[in-house]
Every structure is written in C-alpha cells, then in structure tokens.
There are 2 protein chains.
Amino acid sequence: MATSGPRRAASGAVGAKAGATRTALVAATIEALQEVGFGGASAREIARRAGCNQSLVFYHFGSVTELLLAALDDVSARRLAAYRDVLAAASTLVDLIDSARVIFSEDLDAGHVAVLVEMITGAQAVPGLGAQVSERLAPWREFAETAVRRALAGSPVEALLPAREVAHGVMAGFLGLELLANLDGDRAAALALFDRARMIASLLDLVGPAALLPGEQP
Amino acid sequence: MATSGPRRAASGAVGAKAGATRTALVAATIEALQEVGFGGASAREIARRAGCNQSLVFYHFGSVTELLLAALDDVSARRLAAYRDVLAAASTLVDLIDSARVIFSEDLDAGHVAVLVEMITGAQAVPGLGAQVSERLAPWREFAETAVRRALAGSPVEALLPAREVAHGVMAGFLGLELLANLDGDRAAALALFDRARMIASLLDLVGPAALLPGEQP
DNA sequence: GTCTATACTTGGATAGAC
DNA sequence: GTCTATCCAAGTATAGAC
C-alpha cells in the first residue's frame with residue numbers, strides 16, 4: 001500500500017501549503033520520537049512541535065501510527081543514502097570503520113537511529129505495527145550484508161564469517177550501542193569500540209587486503 | 001533509597017496477603033512489559049493481569065513508575081544470579097559460549113531481557129527514569145566485564161581486547177539481538193551467531209587455552 | 001488490605017465553521 | 001487546508017466504605 005495521502009476533496013493536486021505542513025509534521029515526529037520517545041509522541045505533542053493543530057495529523061496521515069511510520073520512512077531513506085555514499089567511498093577495512101564511526105556519531109547527534117529504536121520497541125504496544133517496522137528494516141538488512149560482504153572480501157577470515165550472519169550481528173550491535181549511549185548520555189564506550197575495531201582492521205588490511213571494487217555502488 | 005513499601009497505617013508487619021499481592025503485581029508487570037511494552041504497561045493493565053484492583057498499584061508501590069522499577073529489579077536480580085552460576089561453571093571459551101546460548105534462549109522465551117529493553121527505551125518518556133534504569137545496569141556492566149576478562153585470560157587476543165570495552169560491546173550485542181529477535185519473532189539469526197562464535201572460540205581454545213580459575217565466583 | 005467510586009488529565013479521532 | 005469545538009476512551013491518582 002502506498003503512503004496514504006490526505007483524502008482530499010474535489011481539488012486535484014496537493015498544494016504547497018499541504019506539502020509544507022506534511023513536512024513539518026514529519027520533522028516534528030522525528031523530534032518527538034527522539035526527545036520523548038514512542039510513548040510521548042502523541043498527536044498533540046507532535047502538532048505542538050510542528051506549530052499546527054492536532055487535527056492535521058489525522059487529516060494528512062489518517063492516524064498517529066501512520067505518521068510515525070512516515071517519519072521512520074523519511075529518516076530511514078535519508079540515512080540509507082548517506083550510508084551508501086560512505087560505503088561506496090571506502091576501499092579498505094580501515095576506511096570503512098573510520099566512516100562508520102563518523103556516521104554513528106552523526107546519527108547519535110541527530111537522533112536518527114533513536115527513531116528506529118523507538119519504533120522497534122514501541123511497536124510492541126500497537127498490534128500489527130511490529131510487522132510494518134520489520135518490513136522497513138529489510139533495506140537495512142540488505143545494505144548491511146553488502147557492506148560486510150565487501151569488507152570481508154579477500155580477507156583471511158572470509159571463510160569463517162558468512163556475510164549474512166555477521167550483518168545481523170552488526171545491526172544488533174549498532175542498535176544496542178545506540179540504546180546504551182542514549183540511556184546514559186555517554187558515547188565514549190561506543191566510540192572506543194570503533195577505535196578498537198579500527199586497530200584490528202588495520203592488522204587485517206595488512207595481512208590480506210580487502211579486494212574492494214571502487215564505485216560498485218548501485 | 002530502599003524499596004518504598006506501602007505507607008501502611010498503624011499495623012506493624014507486612015501481612016501474607018500484602019506479600020502475595022505485591023508478588024502478583026510484580027509478576028504481572030513483567031508480563032505486561034513483555035507483551036504490551038512500556039507504553040501499554042498501565043496500572044489498569046497490570047492490575048487486570050494480577051487479578052486485583054487498579055488502586056492497589058498505588059497503595060503498594062506509590063506509582064506505576066515505582067512498580068516498573070521494582071519489576072526490573074526483580075527480573076534483574078534473578079537473571080544475574082543465573083548468569084553468575086553459568087559463568088562459574090564454564091572453564092573454557094566454548095563452555096562459556098554454549099552456556100551463553102542457552103541462557104540467551106531462556107531469556108528470550110521468558111522475556112527477561114525484553115523487560116530490560118522496554119525499560120531502557122521507555123525511560124525516555126518519563127523524566128528522570130533514565131538515570132534510575134542506568135543505575136540498575138551497573139551490576140550487569142560489572143558482570144559482563146568479569147566474564148569477558150576471564151574468557152580472554154591467557155588467550156592470544158588478550159592484549160588486543162580490553163575487557164571493559166569488549167564487555168560494553170557484548171552488552172550492546174545482547175540487547176540488539178533481543179530487540180531484533182522480538183521484533184520479527186525469529187531468533188534463528190541470533191542463534192546462528194552464537195554457533196559461529198562457538199566455532200571461533202573452539203579455534204582459540206586450541207591455540208591458547210583460557211586460564212580459567214574454576215570456582216572463582218564471588 | 002482491598003474494593004468501589006470518582007476527580008482530573010491526556011490522548012485519539014471526528015464534525016463543522018472558515 | 002486549517003482551525004475550533006467536542007466526544008469518547010483510557011490513564012493516574014485519591015477518598016472513603018468495608
């Protein structure tokens with residue numbers, strides 16, 4: 001099912017006003033998920049942040065749940081694009097981890113992964129939402145697998161580590177690190193792990209350099 | 001601050017009835033956190049599951065938030081004891097991972113880690129709750145560090161991997177795997193990672209057997 | 001200790017004026 | 001398209017009977 005737009009009356013096209021409001025609502029939802037979590041992201045709270053009336057949530061998105069999913073789609077698409085760029089530019093394991101560290105930090109600052117985490121955990125409260133969130137994780141699973149596959153290509157540990165399995169672990173690790181970093185407002189422990197991984201990666205790059213194909217991005 | 005019991009009137013000791021109700025409420029809270037999440041764990045929902053009146057939540061615990069923390073304490077204490085037993089019995093890396101796999105599976109079945117994850121993520125919605133949940137994570141951090149330190153003792157990679165850092169990663173990994181397993185009701189990906197870790201651990205056990213001191217548990 | 005009843009608040013959602 | 005006004009459901013918390 002496509003993004004259910006406003007069931008608009010006779011008028012045909014979506015006006016500039018409507019677009020602006022939709023955009024503001026999505027942005028406000030992202031902000032709300034980050035600051036007050038899934039439970040606090042009510043129609044009223046979101047509308048307040050967007051500077052508009054509560055009823056517009058229902059006019060434009062039909063329900064709060066749909067708006068939450070729209071926000072997840074928005075942040076997910078934008079971050080996936082950023083991650084893809086990074087992956088395309090990295091040609092060694094060390095490159096990859098350096099970039100991953102930068103992006104992880106960016107995500108933490110901007111609360112991007114927090115949105116995903118809130119949606120994953122909050123989904124339990126709303127029947128049927130879990131499946132919809134899970135669907136939206138699919139492109140991330142695929143991306144993570146590609147990244148891991150390229151990172152391990154030509155490495156001495158390639159045979160030991162199936163990309164699909166490792167990718168699942170990487171995703172879990174990112175989510176878990178985000179969870180902990182947000183809980184106690186301290187990202188140092190997470191960043192230290194990236195530094196450690198970088199050190200090990202530099203060893204692996206020496207032993208068996210990853211055979212990365214530059215500019216292979218779809 | 002100690003567990004704030006019921007501000008009981010003139011009567012001195014806590015009766016058997018009160019103890020039973022408190023126990024039932026805590027159990028019901030754990031169940032609710034697992035099945036309907038932080039957002040759904042209301043006083044009414046919890047009381048319904050406990051088979052008592054909603055007002056007893058406030059009589060015995062003062063507020064819903066306090067009851068949630070009591071439930072977290074309960075499950076945390078019981079699981080930590082189980083984990084300690086396992087750690088004490090493991091004498092090789094492979095032992096450790098085998099046991100970790102069993103316990104991870106148990107936790108998933110019983111929803112123990114789910115309670116923790118719900119509290120971590122739900123904490124954002126309630127001001128001040130985050131810090132209280134973070135405090136309750138301290139024994140887990142300490143436990144994880146001890147486990148990792150013992151697991152790596154005498155291993156060839158010991159110098160490369162500081163226990164404190166790795167422990168943080170292990171915790172993040174557990175939380176993330178739990179998150180994903182609960183989301184799409186599929187633990188196969190997580191279990192595959194345990195199997196893979198076991199394989200690698202068996203190699204490490206061969207190269208440099210971990211110098212574990214049996215029965216060193218506090 | 002436990003219940004019923006109730007006051008108060010907040011949130012989802014809709015109707016209708018503009 | 002946006003707002004005001006409103007209904008209804010659900011939640012927290014307390015008072016008071018038993």
Side-chain angles (χ1 to χ4, degrees), chain A residues 4-26 28-29 32-33 35-71 122 125-129, chain B residues 4-26 28-29 32-33 35-71 122 125-129:
Chain A
S4 66
R7 307 58 110 240
R8 56 195 103 86
S11 59
V14 175
K17 253 188 184 173
T21 301
R22 281 184 70 98
T23 305
L25 280 173
V26 169
T29 304
L33 280 173
E35 291 179 19
V36 294
F38 185 92
S42 66
R44 289 180 153 90
E45 173 68 23
I46 293 167
R48 190 184 61 74
R49 289 168 186 269
C52 73
N53 192 274
Q54 166 255 155
S55 64
L56 291 182
V57 166
F58 304 96
Y59 176 76
H60 284 291
F61 295 92
S63 72
V64 175
T65 301
E66 285 301 314
L67 173 52
L68 290 170
L69 285 171
V126 184
L129 185 53
Chain B
S4 68
R7 308 57 110 245
R8 55 195 104 83
S11 60
V14 175
K17 254 188 184 173
T21 301
R22 282 184 69 98
T23 304
L25 281 173
V26 167
T29 304
L33 279 173
E35 291 179 21
V36 294
F38 185 93
S42 66
R44 287 182 150 91
E45 174 67 23
I46 292 167
R48 190 184 61 74
R49 288 168 186 269
C52 74
N53 191 273
Q54 166 255 153
S55 64
L56 291 182
V57 167
F58 304 96
Y59 176 77
H60 284 292
F61 295 91
S63 73
V64 175
T65 301
E66 285 301 315
L67 173 52
L68 290 170
L69 284 172
V126 183
L129 185 54

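Here the structure is a predicted model, which means the values were calculated and not measured. Every chain is numbered from 1, with letters handed out A, B, ... down the list of sequences.
- Going from atom CZ of A:R22 over to atom P of D:dT2 covers 11 Å, rounded to whole Å.
- Considering NE2 of B:H60 and CG of B:L25, their distance stands at 6.5 Å, rounded to 0.5 Å.
- Side-chain contact between A:T29 and A:V64 is absent, with no heavy atoms from C-beta onward closer than 4.5 Å.
- Regarding contacts with the backbone of D:dG11, a side-chain N or O of B:S42 is found under 4.0 angstrom from either OP1 or OP2.
- In this structure, B:V64 reaches the sugar-phosphate backbone alone: every heavy-atom distance under 4.0 Å involves primed, P, OP1 or OP2 atoms, never a base.
- To the nearest angstrom, C1' of D:dG11 lies 8 Å from CD of B:Q54.
- The side chain of B:L56 lies closest to C:dC3, out of C:dG12, C:dC3, D:dC3.
- Atom C1' of nucleotide D:dG11 and atom CZ of B:F38 are separated by 13 Å, given to the nearest angstrom.
- We find the CG-CD1 distance between B:L68 and B:I46 to be 5.5 Å, quoted to the nearest 0.5 Å.
- The nucleotide whose nearest atom lies closest to any side-chain atom of B:Y59 is, among C:dG1, C:dC3, D:dT4, C:dG1.
- The structure places CZ of B:R48 at 13.5 Å from CG of B:N53, a figure rounded to the nearest 0.5 Å.
- For the pair B:L25 CG and C:dG1 P, the interatomic distance rounds to 13 Å; values are reported in whole Å.
- Put simply, CD1 on A:I46 is 12 Å from C1' on C:dG12, counting in whole angstrom units.
- A residue-by-residue look at A:R44 and B:T65 shows that A:R44 has its nearest nucleotide of DNA chain D further toward the 5' end.
- The distance between atom CZ of B:F58 and atom P of C:dT4, rounded to the nearest whole Å, is 16 Å.
- Contacts of B:E45 with the nucleic acid, taken as non-hydrogen atoms under 4.0 Å apart, are absent.
- Between B:V126 and B:F38, some side-chain heavy-atom pair lies under the 4.5 Å cut-off.
- The CD atom of A:E66 sits 10 Å away from the P atom of C:dA13 (whole-angstrom rounding).
- The side chain of B:N53 lies closest to C:dT4, out of C:dT4, D:dA13, D:dC3.
- The interatomic distance linking A:F61 (CZ) with D:dG1 (P) rounds to 13 Å, in whole Å.
- Side-chain nitrogen and oxygen atoms of B:T21 include at least one within less than 4.0 Å of the OP1 or OP2 phosphate oxygen of C:dT2.
- Comparing C:dT4, C:dG1, C:dA13 by their nearest atom to the side chain of B:S55 picks out C:dT4.
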